[in-house]
Amino acid sequence: MKIVLAPDSFKGSLTSLEAAITMKQAIQSIDEQATISIKPMADGGEGTVDVLLASTKGEKVPITCTGPLGTPIHTYYAVLKNNTAVIEIANIAGLTQIAKSRRNPDITTTYGLGEVIKAALDRGCTSFIIGLGGSATNDGGFGLLQALGMRAWNHAGSQLGIFGKDMLAVKDICFSDIDPRLRKVHIQVACDVDNPLVGDRGASAIYGPQKGATKEQIIMYDKALSTLGKRLEAELNQDFTTVQGAGAAGGLGFALLAIGAELTSGAALIGKASGIDHAIRQADLVITGEGQSDEQTLYGKAPGYIVEVANKNKVPAILLSGSLSGDLAALREKFDGCFSIITSPSTVEACMENADRLLFNQTVNILHLIQNLKS
Ligand SMILES: O=C(O)[C@H](O)CO
């Protein structure tokens with residue numbers, strides 16, 4: 001049996017490579033003959049830099065920049081052989097960098113992303129891949145744009161700071177001091193989702209809650225992002241707010257469009273770089289997965305992309321995730337089977353700590369079932 005293992009990371013527990021290796025070991029423990037191809041995935045979120053570094057030659061560049069809460073953090077980006085910088089928001093202002101109890105869009109910023117872009121420009125990078133997803137922020141790229149030279153003021157004419165709460169007060173902006181080098185480079189944005197900036201499917205409504213936003217904050221941020229959107233559109237004479245992916249990473253997709261970037265599906269970009277289509281075409285079965293699956297999985301996340309490729313090639317696809325929640329009917333329509341790795345009552349902490357063993361056991365269960373159905 002030829003099996004492709006193409007999981008995303010299990011956020012906070014296993015990288016996509018670790019998850020793929022665990023699945024592989026589980027399959028080999030009951031079927032030594034299986035031909036297994038591992039294709040660790042990312043979709044623009046956590047692990048994007050590592051996955052692209054693993055499938056394309058390049059150098060890992062350590063850097064200190066402003067973290068999600070405004071204090072310095074040590075992180076890294078990559079520079080590929082063709083002078084392309086690969087940067088991800090998840091390791092600059094990521095959700096997993098902030099304890100659940102401290103998550104709050106008011107006190108987070110994307111400023112660090114702008115600093116890393118500037119460092120890559122200083123190094124002479126001529127093109128960029130910027131991964132969006134897994135962010136702790138909902139600032140519409142307000143911090144990022146200020147790091148790149150934008151200035152912003154409130155109703156009283158005072159210059160605003162770099163945090164989400166500052167974006168809520170924006171009245172005027174000035175874009176004329178944006179780093180001119182940005183005009184000469186090509187920026188491709190790998191988005192983990194295709195949501196627009198605002199509205200019922202917008203950044204605040206859909207992803208605000210996981211960043212600690214209350215119901216009141218969701219309404220305020222949706223309104224403020226709409227105001228920021230209008231100001232930028234008026235300044236640049238273009239319409240970005242409704243573009244698919246503008247709402248990725250708390251509206252960073254929108255801010256990057258404003259500096260001339262091109263938005264694309266992160267999973268498709270990474271899948272292409274690792275030759276996933278070819279691997280799936282040869283396979284009898286594909287297994288993908290992620291930390292948590294729900295309807296959002298099909299909004300452009302890696303397992304959603306993998307199942308599209310599998311369905312196109314008529315190869316059965318299984319989703320094996322940390323947890324399954326929400327309305328699963330949409331997932332079942334696409335996948336041949338959807339499973340959680342959790343099989344007995346436990347705490348979230350214990351499940352995350354034992355993700356490796358749980359994933360191993362459930363992969364064995366699934367393979368056992370498939371083998372018995374076949375014989
Ligand atoms: O970072 C986020 O807001 C989500 O992953 C969607 O992009």
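Heads up: numbering here begins at 1 and tracks the sequence. Both counts, for ligands and for their atoms, begin at 1 and track the order of listing. Keep in mind that what you see is a predicted model, and the values were worked out from it rather than measured.
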Q) Does a donor on one side chain sit under 3.5 Å from an acceptor on the other, for Thr343 and Gln362? A) no

Q. Does Gly250 have a non-hydrogen atom less than 4.0 Å from ligand 1?
A. yes

Q. Below 3.5 angstrom, do we get any N/O pair linking Ser135 and ligand 1?
A. yes

Q: Report yes if some heavy atom in the side chain of Val49 is under 4.5 Å from a heavy atom in the side chain of Ile87; otherwise report no.
A: no

Q | Numbered atoms of ligand 1 (with element) below 4.0 Å of Gly134, judged on heavy atoms | A | 1 (O), 2 (C), 4 (C), 5 (O)

**Q.** Element-labelled atoms of ligand 1 that are located less than 4.0 Å from some non-hydrogen atom of Ala248
**A.** 7 (O)

Q. If you count the non-hydrogen atoms of other residues, nucleotides and ligands that lie under 6.0 Å from CG in Asp239, is the total more than 12?
A. yes

Q: For Val193, take its heavy atoms, then give the atoms of ligand 1 lying under 4.0 Å from any of them.
A: 6 (C), 7 (O)

Q.
Among all the protein's non-hydrogen atoms, which is closest to atom 7 (O) of ligand 1, and how far away is it?
A. Asp192 OD1, 2.6 Å

Q) Taking Asn154 for the side chain and Ser158 for the main chain, is one N or O donor matched with an acceptor at less than 3.5 Å? A) yes

Q) Should you measure from each heavy atom of Gly133, which atoms of ligand 1 turn up under 4.0 Å away? A) 1 (O), 5 (O), 7 (O)

Q) Is Lys211 in contact with ligand 1, taking contact as a heavy-atom separation below 4.0 Å? A) yes

Q) Do Leu252 and Ile89 come close enough that some side-chain heavy atom pair is under 4.5 Å? A) yes

